[in-house]
Peer 1: 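My structure is below; once you've seen it, I'll send some questions.
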Amino acid sequence: MKKLLALVLCAAAVLCAATASAADINFVTAGTASTFYPISATVCQLWNDNIEGMRATATPSGGGIDNLNQAYDGEAQIGIANANLVYQAQEGLASFEGFANENLRIFAGLYLNPNQVVVTKDSGINSLEELIGKHISIGTAGSTTVDEAAIHLEILGSSLDGIKAEYMDTSAAADAISNKQLDGVWIMAGTPNAAVTQIMTTTDSKILPITAETVEALKAEYPWYAQSVIPAGTYAGQDEDVPTSAVKLTLFITADVDEETVYQMTKVFWENWDMLTETHAALKKADPKEACNDVAGVPIHEGAARYYREIGILE
């Protein structure tokens, strides 16, 4: 009887060990037509193929805020969102007021999305302060770009009330500038951006600098900001580097996904990086060495941190 009991216990232990790494992971990014939905599908397949017991699914979503709301409701375990949204969701601020989610962690910081404030040379605008009184598109109502414009102007002692604001998408704004209906446009996106390319190619325009001093003032109030540079030659007629502010696009993950599973997910993700960047060009802007930087102080998941310590980018 004792031998039988021992065998049963041993079998149970083996079964538990075999299933300990099993995980149901819902990966949310954006709509099926977005850049990142097919990336999430590829990554989920990698995890399923390389991690025993993994059941990862890529699910379409409404983007960053929706992704974080799904994480709060327990419907998603990993997703994509800018660092500012992850910070606000963790702290229960802005769109997440009253719904703080202390369960959020960083899986990986991907790349910086810089602010690109493009103005026509005829407008006479040479700095953010000189946007006051000018006719500027600041993105569609409720968009991240509207918030970006408001925050920057606030830091400089002004507000959106000081400009003649239009709420247009980037394509419409680019057309309006080409038709001399706007003085400029505020865009927050990775570079090169199609609308900025159109403006810089078809009109006599320039990108305004956002100085290091302004970025430091922003960081004092909003810890998700980082200094960035739009390299010379990114756009037609841009002969010099342009300093600007930026927010990092991140992959967040919930703390209740166990450490070993997240370690394996992180390892598979980065060790297949060459394949991922060959298949999905958008990822070429990401740098594994910067995966833990500019994430607004949101903690790195311990499973991911374990991998980052192994490769020497985290102490």
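In this chain, residues are counted from 1 in sequence order.
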Peer 1: If you look only at distance, which donor and acceptor atoms sit under 3.5 Å apart when one is on a side chain in residues 181-201 and the other is two or more places apart or in another chain?
Peer 2:
{"unit_1": "D183", "atom_1": "OD2", "unit_2": "H135", "atom_2": "N", "d": "2.9"}
{"unit_1": "W186", "atom_1": "NE1", "unit_2": "N115", "atom_2": "OD1", "d": "2.8"}
{"unit_1": "N193", "atom_1": "OD1", "unit_2": "A195", "atom_2": "N", "d": "3.0"}
{"unit_1": "N193", "atom_1": "OD1", "unit_2": "V196", "atom_2": "N", "d": "3.1"}
{"unit_1": "T197", "atom_1": "OG1", "unit_2": "N193", "atom_2": "O", "d": "2.9"}
{"unit_1": "Q198", "atom_1": "NE2", "unit_2": "D175", "atom_2": "OD1", "d": "2.8"}
{"unit_1": "T201", "atom_1": "OG1", "unit_2": "T197", "atom_2": "O", "d": "2.6"}

Peer 1: Have H152 and S245 got a donor and an acceptor in their side chains that come within less than 3.5 Å?
Peer 2: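 H152 vs S245: donor-acceptor pair found between side chains.
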Peer 1: How close do E129 and L156 get, heavy atom to heavy atom, and via which atoms?
Peer 2: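 Looking at all heavy atoms of both residues, the shortest contact is OE2-CD2, 3.5 Å.
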Peer 1: Applying the ring pair (Phe, Tyr, Trp, His ring centres under 6.0 Å) test to F107, which of F252, Y308, F269, W270 qualifies?
Peer 2: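 Testing F107 for a ring pair (Phe, Tyr, Trp, His ring centres under 6.0 Å) against F252, Y308, F269, W270 leaves exactly one candidate, F269.
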Peer 1: Is there a donor-acceptor contact under 3.5 Å from the side chain of S158 to the main chain of E154?
Peer 2: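 No: the side chain of S158 does not pair with the backbone of E154.
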Peer 1: Please report the shortest heavy-atom distance between L208 and L131, naming the atom on each side.
Peer 2: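 The pair with the smallest heavy-atom distance is CD1-CD2, 4.1 Å.
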Peer 1: Under a plain distance cut-off of 3.5 Å, with no hydrogens placed, do D147 and T144 share a side-chain donor-acceptor pair?
Peer 2: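 The answer is no; no qualifying pair exists.
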Peer 1: Identify every side-chain donor-acceptor pair in residues 75-96 under 3.5 Å, counting partners at least two apart or on other chains, and give the distances.
Peer 2:
{"unit_1": "Q77", "atom_1": "OE1", "unit_2": "N26", "atom_2": "N", "d": "2.7"}
{"unit_1": "N82", "atom_1": "OD1", "unit_2": "N113", "atom_2": "ND2", "d": "3.4"}

Peer 1: Tell me yes or no: between the side chains of D169 and S171, is some donor less than 3.5 Å from an acceptor?
Peer 2: no
Peer 1: Are more than 12 heavy atoms, taken from residues, nucleotides or ligands other than K164, located less than 6.0 Å from that residue's NZ atom?
Peer 2: no
Peer 1: Below 4.5 Å, heavy atoms only, C-beta onward: do V119 and N126 meet side chain to side chain?
Peer 2: no
Peer 1: Does the side chain of E148 pick up a donor-acceptor pair with the side chain of Y225 at under 3.5 Å?
Peer 2: yes
Peer 1: Judged by modelled atom types alone, do S228 and T244 share a side-chain donor-acceptor pair under 3.5 Å?
Peer 2: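 Distance-only check fails for S228 and T244.
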Peer 1: Looking only at the side chains, is there a donor atom on one of S205 and T203 sitting less than 3.5 Å from an acceptor on the other?
Peer 2: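 There is such a pair (donor and acceptor under 3.5 Å, judged by atom type) between the side chains of S205 and T203.
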Peer 1: Taking all non-hydrogen atoms of both residues into account, name the closest pair between K134 and S123 and its distance.
Peer 2: NZ-O, 3.1 Å
Peer 1: Less than 4.5 Å apart, any side-chain heavy atom of Q116 and any of I230?
Peer 2: yes
Peer 1: Measure across G109 and K248 and return the closest heavy-atom pair with its distance rounded to 0.1 Å.
Peer 2: CA-CD, 3.6 Å
Peer 1: Show me, pair by pair, the donor-acceptor contacts under 3.5 angstrom made by side chains of residues 281-306, not counting sequence neighbours?
Peer 2:
{"unit_1": "D287", "atom_1": "OD1", "unit_2": "K289", "atom_2": "N", "d": "3.0"}
{"unit_1": "E290", "atom_1": "OE1", "unit_2": "N293", "atom_2": "ND2", "d": "2.7"}
{"unit_1": "H301", "atom_1": "ND1", "unit_2": "G303", "atom_2": "N", "d": "3.0"}
{"unit_1": "H301", "atom_1": "NE2", "unit_2": "V257", "atom_2": "O", "d": "2.8"}
{"unit_1": "E302", "atom_1": "OE2", "unit_2": "R309", "atom_2": "NH2", "d": "2.2"}
{"unit_1": "R306", "atom_1": "NH1", "unit_2": "E260", "atom_2": "OE1", "d": "3.0"}
{"unit_1": "R306", "atom_1": "NH2", "unit_2": "E260", "atom_2": "OE1", "d": "3.1"}

